[in-house]
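Comments concern the structure below.
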Amino acid sequence: MSFIEFDNVSYSYSAGTKNEVKAVKNVSFSIEKGELVALVGHNGSGKSTIAKLMNGLLLPQSGLVKVNGLDTADKKNLFDIRKSVGIVFQNPDNQMVATIIEDDVAFGPENLGLDPKEIRERVDFALKSVGMYEYREDAPFRLSGGQKQRIAIAGVLAICPEAMVLDESTSMLDPTGKKEIMEVVTRLNREKGMTVIMITHFMEEAALCDKIIVMNDGSVALSGGRQTLYDDRLVELGLKLPMSCSVAKRLNKSGMNVGEVYTPEQLAEAICRSL
Amino acid sequence: MRDVSFGQYYPSKSVVHRMDARIKIIISLCYIVLLILVPTIDRFLDKGRLGDYIVSVGATFIVIILFLLMVTLISKVPPLKVLKSVKSVIFLVIFTAVILVLFYGGTSNHIYFHKGIINISLEGIINSIAMAIRLFLLVMGPSLLTLTTTPVELTDGIESLLKPLKLIKVPVHEIALIMSIALRLIPNLIEEADKIRSAQKARCADFDSGNIFKRAKAMLPILVPLLISSFRRADELAYAMDSRCYRGAKGRTRMKIMRLGIRDLFGMLFFAAMFFVALMFIYDFFGVSTALANLAYSLI
Ligand SMILES: Nc1ncnc2c1ncn2[C@@H]1O[C@H](COP(=O)(O)OP(=O)(O)O)[C@@H](O)[C@H]1O
Ligand SMILES: [Mg+2]
């Protein structure tokens, strides 16, 4: 049994009406505990829909979604499923409930019905994990986008989920903000063993993940380990490769063998070695 | 923008700020009741002298003003901020006062001018001054509450106070949550309105000229996108809340528990003392007002 299982899942918006949009079509995949997974694809390829299917915000019209073996279609399971899979959305402004940062982070654990002392501990822990502890008594609107998004991540962390889905959570951020978030997320994955699902169309981020699922027009077009980035079909789908991958690919083609590299540092090293 | 999002909260760590929001809300309500209890001149003149009225009501006002002044000083809020809170009602008050002076219809023994329904008298003038002071005090008290209490504390306090209504199925928790989310979203809405406004301006929309109707009409292209984006925002917020295990009030606990402390007791006692002294002047307990008035008459 995998941690998160999608079994032939389909979902349409406004199903049964003239405006029906088939957002997800017969999708199957599974994610194991502790994996760092990238879910990539063009706008409108169904990534956000998949994210919402993962913890029962949306329910599949056909097929099954299971988290820890619990079916999301069963209402009784939803609370437990949401305790183990949290989602950080794209726009940090639309995820905050409270006017004070620590109150906002407390929202999740408060919903779990924990006692005040434990909530406090979790809030402090979550804020420290994302490096925003000193700001706990401030109002969120004075923060930068990256800081706000870190608060949103803390809000999910405080629930202590097993998996965190980040739905294009870095797309509205500047390069520094993007880097901040990626650092926090990879650290959580490495040190705390948290399963992380990064939804992104920024391939540099996908290159940092262990596993890549590529969506196209509602279906899974490709999936596999990091080497998927060297699959020629990715280019055919019109996705832009990370700079280091595309350079390495061309070097390989022109006879200078640098192998498969995923970061600029690795690329530089490989080039030095082959010279 | 900062002002709006925090209401008019003035941050400080004073005793008044740290008092339990529930106690502050109850005190504010009692304060309003007290102001309502201050009599108008009609009720008084049937049995007493004009001087008795001035002394009784005047003394009451002085007690209340002293109370406000002390709270302001203890809370370290700049007194000017408290005074400024009456700015929004100043026209209403002046208007009411003028009407009250012109059309005073009660008992009047000192008439200055009388024609048709217009009747200017000493009693009318005193009555309208008393009314104006009453309205100003009515605004200043509660604004002291919002100056010293954050919106979150206020909504939490209201939620806690209204808890008994849950027995008759009033969705108290939901109402409080709606209030706090509304407060949270106000700065975002303003920011967004600004953005849309600039976008429309860039396309030569004109918001700043023409009469009020023209300007209101020019705002329409701002309101429609704002409304649509608010709906989208609300939708996303609902997903985010569901995703964070929100199930309504059921099984929900709070991180910050409101606990009554010694300062709340002192605050209450302080207010109760003021309340009692004010009532004493209003209702002439122990004949204090009459005695004071007699003293005043004998001096004149
Ligand atoms: N609330 C909705 N109502 C109707 N159609 C929607 C809604 N949300 C998304 N869609 C449509 O579903 C498809 C997949 O959207 P989405 O899952 O958001 O893709 P992605 O996150 O990859 O950009 C798109 O064609 C989009 O237009
Ligand atoms: Mg999306």
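Numbers restart at 1 for each chain; the letters A, B, ... are given by sequence-line order, proteins then strands. Values below: every heavy atom of this structure, side chains too, minus hydrogens, waters and symmetry copies.
- Neither the backbone nor the side chain of Lys117(A) comes within contact range of chain B; no heavy atom of the residue lies under 4.5 Å from a heavy atom of that chain.
- Looking at Val165(A), there are no atoms closer than 4.5 Å to chain B (heavy atoms on both sides), in backbone or side chain.
- The structure places NZ of Lys52(A) at 11.5 Å from CG of Asp242(B), a figure rounded to the nearest 0.5 Å.
- Chain B forms the most heavy-atom pairs under 4.5 Å with one residue out of Asn91(A), Ile119(A), Asn94(A), and that residue is Asn94(A).
- Between atom NZ of residue Lys250(B) and atom CG of residue Asn111(A) there is a gap of 11.5 Å, rounded to the nearest 0.5 Å.
- Note: Met96(A) leads Gln95(A), Glu118(A), Met96(A), Glu102(A) in heavy-atom pairs under 4.5 Å with chain B.
- Contacts between Phe89(A) and chain B at a heavy-atom distance below 4.5 Å involve the side chain alone, from C-beta outward.
- Proximity to chain B is absent for every atom of Leu78(A), based on heavy atoms less than 4.5 angstrom apart.
- Residue Ser243(B) is tested with Val85(A), Leu57(A), Ile159(A) for a side-chain contact (heavy atoms from CB on, under 4.5 Å); the sole match is Leu57(A).
- Of the inter-residue distances, the one linking Tyr239(B) atom OH with Asn55(A) atom CG reads 11.0 Å to the nearest 0.5 angstrom.
- By the 6.0 Å contact criterion, NZ on Lys84(B) is open, its count of non-hydrogen atoms from other residues, nucleotides or ligands being 12 or less.
- The part of Val123(A) that comes within reach of chain B is its side chain, from C-beta onward, which places non-hydrogen atoms under 4.5 angstrom from that chain.
- When heavy atoms are compared at a cutoff of 4.5 Å, Ile87(A) approaches chain B by way of both its backbone and its side chain.
- The backbone N or O of Leu114(A) lies less than 3.5 Å from a partner atom in the side chain of Thr253(B), making a donor-acceptor pair.
- Contact annotation for Leu237(B): both backbone and side-chain heavy atoms come within less than 4.5 Å of a heavy atom of chain A.
- Around atom NZ of Lys163(B), no more than 12 heavy atoms belonging to other residues, nucleotides or ligands sit under 6.0 Å away.
- With a 6.0 Å radius and a threshold of 12 heavy atoms from other residues, nucleotides or ligands, Lys66(A) has its NZ atom at or below the threshold.
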Exercise. Kindly determine whether Arg252(B) and Phe107(A) satisfy side chain to side chain contact (heavy atoms under 4.5 Å, CB included), including the steps that lead there.
Key: CA-CA 9 Å; Arg252(B) 191 172 144 79; Phe107(A) 182 74; 3.6 Å; yes
Exercise. For Arg82(A) and Tyr246(B), run side chain to side chain contact (heavy atoms under 4.5 Å, CB included): C-alpha distance rounded to whole Å, both residues' side-chain angles, the deciding distance at 0.1 Å, then the answer.
Key: CA-CA 9 Å; Arg82(A) 287 177 188 161; Tyr246(B) 182 65; over 6 Å; no
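- Applying the 6.0 Å contact sphere to OH of Tyr135(A) captures no more than 12 heavy atoms from other residues, nucleotides or ligands.
- A 6.0 Å sphere centred on CZ of Phe79(A) holds more than 12 heavy atoms belonging to other residues, nucleotides or ligands.
- Atom CG of Asp104(A) is separated from atom OG of Ser180(B) by 10.0 Å, given to the nearest 0.5 angstrom.
- Ranking Asp115(A), Val156(A), Val97(A) against chain B, the residue ahead of the rest is Val97(A), based on heavy-atom pairs under 4.5 Å.
- Looking at Arg254(B), Arg244(B), Lys256(B) one by one, the single match for side-chain hydrogen bond (donor to acceptor under 3.5 Å, both in side chains) with Glu110(A) turns out to be Arg254(B).
- At a 4.5 Å heavy-atom cutoff, the contact between Asp93(A) and chain B is made by backbone and side-chain atoms alike.
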